[in-house]
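Report on the structure given below.
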Amino acid sequence: MTPDTTHTEAVAAHPDADPDDLTALVERARVVVWDFDGPICRLFAGHKAEGVARDLVSWLEGRGLHSLLDEAERESLDPHVVLRAVNRRHPGSDLVAELEERLTQEELRASASAMPTAYADVLIHTWAEIGARLAVATNNSPRVVRTYLTGRRLLHRFQPHIYGRTQDLQYLKPHPHYLNRALSAMGAAPGSALFIGDTPTDWQAAGEAGVPFLGYARDEHKEKQLRRAGADHVVTNLHDVLRAVRAAGSPG
């Protein structure tokens, strides 16, 4: 994948966000921390997360661990639900480490067919060019983030500030650990930062860290989830944000 690849996720047809709200958020942000899967790309666009979750469940069952998950967890379409469930019952175990590595390998496979979020690449470049410092705080493996960003020629915009899942799963969002690590490493006060995420757990992590939050919703369902969680600032495409960043970087 390269930056001039035209295959990006379609922009949802929703009304633009309030430009005054976006302008205020953008002008205050000296550090911009991004969630990965959602705002930057759809990681599982071509390698479905539902299939990954089923494969993890099947792997556990093949080891005679069917009873380790309850019915809802076995039927979950989210691999992180499976991972969290195993960690709750066997925290810090070799089983958790092996399951986490299996998920990382699936994410690495998915990165080859990940779909860039519309306007994300140009927004990242533009924000960095006007002086913002960028980081990633994600529940995905940082190895996967680096692989994807390298393919899009975006890695230099974030390095070395990529913080994500390890085998210590207690720190998955909504825990603010990854976000706090980014702020600490960059020497940034929470109020000078902005966190862009697409889930209620992202919003919760931002609240715990005291960081202003901008929700990205690629469809109506995502938007409703974020609004119900309490997010005040939600955009349905990143072009609105790009306009605000360009305005903030314009002289006069």
Side-chain angles (χ1 to χ4, degrees), residues 1-46 110-138 140 144-159 161-162 193-199 202-203 206 212-227 231-250:
M1 291 181 294
T2 62
D4 50 5
T5 301
T6 58
H7 184 51
T8 58
E9 183 177 9
V11 176
H14 293 283
D16 290 347
D18 186 328
D20 291 336
D21 289 346
L22 281 178
T23 298
L25 285 172
V26 166
E27 288 181 346
R28 286 196 301 264
R30 299 293 176 263
V31 168
V32 182
V33 185
W34 295 67
D35 179 38
F36 173 63
D37 186 9
I40 293 178
C41 69
R42 284 183 64 191
L43 177 59
F44 290 103
S111 68
S113 56
M115 183 179 292
T117 299
Y119 299 103
D121 288 23
V122 67
L123 176 56
I124 288 165
H125 286 302
T126 302
W127 228 328
E129 287 295 329
I130 70 168
R133 293 184 296 154
L134 309 182
V136 172
T138 176
N140 298 114
V144 176
V145 178
R146 292 188 189 98
T147 297
Y148 175 83
L149 293 178
T150 297
R152 300 297 297 177
R153 300 180 188 173
L154 292 168
L155 185 62
H156 66 290
R157 297 302 192 184
F158 294 91
Q159 283 280 56
H161 300 296
I162 297 171
L194 177 65
F195 185 37
I196 303 175
D198 72 329
T199 66
D202 291 328
W203 177 80
F213 179 75
L214 176 62
Y216 165 70
R218 66 181 175 86
D219 55 35
E220 188 175 351
H221 174 66
K222 284 277 191 180
E223 183 176 11
K224 286 180 178 177
Q225 283 186 323
L226 287 167
R227 297 287 189 191
D232 293 323
H233 307 295
V234 179
V235 294
T236 56
N237 68 75
L238 295 181
H239 189 252
D240 294 336
V241 188
L242 179 61
R243 280 200 300 256
V245 169
R246 284 174 169 164
S250 299

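For the numbers below, each heavy atom of this structure counts, side chains included, while hydrogens, waters and symmetry mates do not.
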Thr117 vs Arg218, test: side chain to side chain contact (heavy atoms under 4.5 Å, CB included). Steps then yes/no. CA-CA 9 Å; Thr117 299; Arg218 66 181 175 86; over 6 Å; no
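- Here the options are Asp202, Thr138, Val145, Leu123, the test is side-chain contact (heavy atoms from CB on, under 4.5 Å), and the partner is Trp34; only Leu123 passes.
- Heavy-atom minimum distance, Ala120 versus Pro39: CB-O, 3.6 Å.
- When all heavy atoms of Ala137 and Val33 are compared, the closest pair comes out as CB-CG1, 3.7 Å.
- Taking CZ of Arg28 as the start and OG1 of Thr23 as the end, the distance is 10.5 Å to the nearest 0.5 Å.
- Taking CD of Gln225 as the start and CG of Asp198 as the end, the distance is 9.0 Å to the nearest 0.5 Å.
- Scanning all heavy atoms of the two residues, the minimum distance from Gly249 to Ile130 falls at CA-CG2, 4.0 Å.
- When all heavy atoms of Tyr216 and Gly38 are compared, the closest pair comes out as CE2-O, 3.4 Å.
- Here the shortest heavy-atom pairing between Phe195 and Ala206 reads CD2-CB, 3.9 Å.
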Begin from the C-alpha positions of Trp127 and Leu194 and carry the test side chain to side chain contact (heavy atoms under 4.5 Å, CB included) through to its verdict. CA-CA 12 Å; Trp127 228 328; Leu194 177 65; 3.9 Å; yes
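- Atoms OG1 and CG, on Thr199 and Asp37 in that order, are 9.5 Å from each other to the nearest 0.5 Å.
- Side-chain atoms of Leu155 and Ile162, non-hydrogen and from C-beta on, do get closer than 4.5 Å to each other.
- Partners of Thr126 under the side-chain contact (heavy atoms from CB on, under 4.5 Å) rule, at least two apart in sequence or in another chain, are Val122, Leu242, Val245, Arg246.
- To the nearest 0.5 angstrom, Asn140 atom CG is 10.5 Å from Ser111 atom OG.
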Can you check side chain to side chain contact (heavy atoms under 4.5 Å, CB included) on Val241 and Tyr119, steps first, answer last? CA-CA 9 Å; Val241 188; Tyr119 299 103; over 6 Å; no
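- Arg30 contributes a side-chain N or O that, together with a main-chain N or O of Glu27, makes up a donor-acceptor pair within less than 3.5 Å.
- Here the closest heavy-atom approach between residue Pro116 and residue Asp121 is recorded as CB-OD1, 4.4 Å.
- Atom CD1 of Ile124 is separated from atom CZ of Arg157 by 9.5 Å, given to the nearest 0.5 angstrom.
- Listed by chain and residue number, His125 satisfy the side-chain contact (heavy atoms from CB on, under 4.5 Å) test with His156 (two or more places apart in sequence, or in another chain).
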Passes side chain to side chain contact (heavy atoms under 4.5 Å, CB included), Val234 versus Trp203? Steps please. CA-CA 11 Å; Val234 179; Trp203 177 80; over 6 Å; no
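- In this structure, Val32 and Leu214 have side chains that are not in contact, with every pair of non-hydrogen atoms separated by 4.5 Å or more.
- Listed for the Asp240 side chain is no donor-acceptor partner under 3.5 Å among the backbone atoms of Arg243.
- Two residues are said to be in side-chain contact when any heavy atoms from C-beta on lie closer than 4.5 Å; Val136 and Ile40 meet this criterion.
- In this structure, OG1 in Thr236 is found 14.0 Å from NZ in Lys222, a value given to the nearest 0.5 Å.
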